[in-house]
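Chain identifiers are assigned alphabetically (A, B, ...) following the order of the sequence lines, protein sequences preceding nucleic acid strands; residue numbering begins at 1 within each chain. Only a predicted model underlies this, so the values are computations on that prediction, with no experimental measurement involved.
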Amino acid sequence: MTRKAAFRVVGVEEAAGAPALLPSVEPAVQDSSASQPAPTKSWPRLRRVAEIVARHWLLAALIALWQYVSVSNPALALQLPPPTEILSGAWELIQQGMLQRDTLASLRRVGMALAMASLIGYPLGALLGASRKFAWSVEPVVNFFRPIPPLAWIPLSILWFGIADMQNEFIIFLAAVFPILLNTMEGVRDVDRQLIRAARTLGARRAVIACSVILPAALPQMFVGLRVGTGIAWMALVAGELVAATTGLGYLINQGRYLFRPDYVIVGMVMIGVIGLMLDGLIRLTQSILMPWWRLGE
Amino acid sequence: MSHAAIEIQNVHKVFGSGPQRVVALKDVNLEIGEQEFVCVVGPSGCGKTTLLNIVAGFEPASSGLARAFGQLIVAPGPDRTMMFQDYALFPWLTVRQNIEYGMKRRGLQAEQRESVLRHYVELIDLKGFENKYPAQLSGGMRQRVALARALAVNPAVLLMDEPFAALDSFTRERMQDELVRVWQHEKKAVLFITHNIDEAIKLADRIVVMSPRPGRISEILVLKSPRPRDVDSDENAGIAHRVREILHLVPDPAEKTADLSA
């Protein structure tokens, strides 16, 4: 029975990814020792919260310092109002309905543009990655347009579309489509050929391999494209709205400048940052739901 | 009339052309019986993987014929499943889904799949790990899943491309024992590529010894002793010695001239 005892240890090691040293003859473990030991619930969670709070002490201190300096120096406060005044500015904007209107306008533009960029970037990128023949003549076109910064398109796009949603969406689209397209292309190109071969020997045909092997294998890289694309899109949005828009967070910031309301400007800036962070978090959440296997081995 | 599982007749394989021309396989002839375990040993560059790829249907021979059960091999198919050195498990599928992959392609119903799955999970000792992802398993377990996945479509021929080369030596020996056990349980034609002579002696009915430049079969050795085999027995040590003799001690005339010119 010594073997059985040894085997249990092996089972645990194997579940943790360590190489097995001893033969396991009995059926493998099914009990809890096969999975990670369950951690005690409440205590580590409390610790994590405490850790997060502790980590932000410097940020909190800087905000407090800002408040102090700004309040004690009225000349400076005209240019950099204290955080409390920014909060009341935000409240004003919410009561007027401006903050909601501008946030929604910006989100709608980014949403539309990202949808278009995905609709074009993913299939085109997949084709570029899958077919050398296709890439041979299309890649030069992509490489011609890619280095032109999306912001450089703003003047031309105003000539074409005027100061409208369409113009902003065009700029954001240009910002997002290349990261999506190029990452998808790389992802499809880098699919492990052994996986495709394995699928073929198991009887999968081309169309099935595209869906059941190439798509999931390229998915992590496709998500990288979406994350990078969304990040750049959000920046391009603000730039586009600064120049040519009558709504949106970029417009809000610009209006703040005209009205000499630095608190409005800062409210807009913080909002842009928070939403950018949330968009990224949303994509990562989607990714972890869609790909539970992702980063398991690390 | 019954055919051999695999028939390879006068197969040549040439890569490239002009000065880059490499003869990967030269005049290879081999037959594998329906329940025969054939190991191919040889140093790298002897064309053993090329031979396997031709049998698998991944690439065509430059000339000559390769048949499986009398049918010309033109493409990969689930009658000839393959195991790879780096497992080639689908990382986004669980153990269960990996094993079911080929069965789904063959259109098996869920109940049939479940019973086959249960059979192999038990046979290769993976009970309790059905819902794990490959990244959560050790190398030996991953290769057992790959074996189950390859066997689950009930292939007539199992092709194995140095499947245990990436494993540590303990796990490798254990996998060899397990493969023998599984194969004795469900006999199939096996074409097993390795560069490990002891591995070939433990597993094979016949050992095909290949030499490089150009890749060709030097000799075929027949092993008759019952399994499990003791690699250190006089008979098997003699066979190992013979393989080494073929590969190292008898200098290849072509190689010799190449060395002189260099």
Side-chain angles (χ1 to χ4, degrees), chain A residues 3 6-8 10-36 191-209 211-220 287 290-298, chain B residues 53 56-58 75-94 98 101-107 121-122 124-130 132-142 144 146 149-150 152-153 155 159 161 167-168 170-171 173-175 177-178:
Chain A
R3 181 175 231 179
F7 152 74
R8 288 230 169 258
V10 169
V12 174
E13 277 180 10
E14 287 196 341
L21 294 177
L22 291 165
S24 76
V25 181
E26 282 94 352
V29 262
Q30 202 159 18
D31 54 283
S32 61
S33 64
S35 57
Q36 299 291 324
V191 173
D192 186 355
R193 288 197 54 217
Q194 296 288 60
L195 292 181
I196 296 174
R197 287 187 156 186
R200 288 179 72 196
T201 76
L202 292 167
R205 294 179 193 287
R206 282 174 72 103
V208 174
I209 289 175
C211 303
S212 71
V213 180
I214 293 174
L215 177 66
L219 206 52
Q287 188 171 15
L290 270 181
M291 310 192 304
W293 73 90
W294 194 55
R295 299 213 153 144
L296 271 180
E298 286 170 22
Chain B
N53 284 339
F58 291 139
D79 58 324
R80 288 160 280 127
T81 51
M82 182 135 162
M83 275 178 75
F84 302 87
Q85 181 180 332
D86 52 4
Y87 324 120
L89 292 174
F90 304 119
W92 51 88
L93 300 182
T94 60
N98 263 290
Y101 186 88
M103 292 192 273
K104 277 189 186 163
R105 304 288 91 81
R106 300 202 100 179
V121 160
E122 239 159 74
I124 60 164
D125 203 7
L126 279 166
K127 224 173 168 186
F129 292 95
E130 293 95 330
K132 297 269 183 215
Y133 287 98
Q136 295 170 299
L137 306 176
S138 67
M141 293 178 88
R142 285 182 209 179
R144 296 211 306 266
R149 184 180 68 173
V153 292
L159 307 171
D161 187 9
L167 305 174
D168 65 84
F170 296 104
T171 313
E173 284 193 22
R174 175 174 139 200
M175 286 297 298
D177 295 341
E178 214 154 319

Q: Answer yes or no: is there a side-chain heavy-atom contact under 4.5 Å between B:Leu93 and A:Ser212?
A: no
Taking the side chain as C-beta and beyond, is there a heavy-atom pair between A:Leu215 and B:Trp92 under 4.5 Å? no
Taking all atoms of both residues into account, what is the closest heavy-atom pair of [X] and [Y], and its distance?
X        : Y        : value
A:Ala198 : B:Ala88  : CB-O, 3.9 Å
A:Leu195 : B:Phe90  : O-CE2, 3.6 Å
A:Pro292 : B:Tyr133 : CG-OH, 3.2 Å
A:Thr201 : B:Thr81  : O-CG2, 3.5 Å

Max heavy-atom pair count under 4.5 Å with chain A, selected residue of [options]:
options                               : result
B:Pro134, B:Pro78, B:Ala150, B:Pro155 : B:Pro78
B:Pro76, B:Ala75, B:Gly102            : B:Pro76
B:Met175, B:Arg80, B:Met82, B:Met103  : B:Met82

Assert top hit (heavy-atom pairs under 4.5 Å, partner chain B, pool A:Ala217, A:Pro216, A:Gly203) equals A:Pro216
From the list A:Val213, A:Asp192, A:Ile196, A:Val208, the residue making the most non-hydrogen contacts under 4.5 Å with chain B is A:Val213
- Task: With A:Arg197 as the cation and B:Phe58 as the aromatic partner, state whether NZ or CZ is under 6.0 Å from the six-membered ring centre and within 45° of the axis.
- Result: yes
Between [X] and chain A, which part of the residue has a heavy atom less than 4.5 Å away: side chain, backbone, both or neither?
X        : answer
B:Asp177 : neither
B:Leu89  : backbone
B:Asp161 : neither

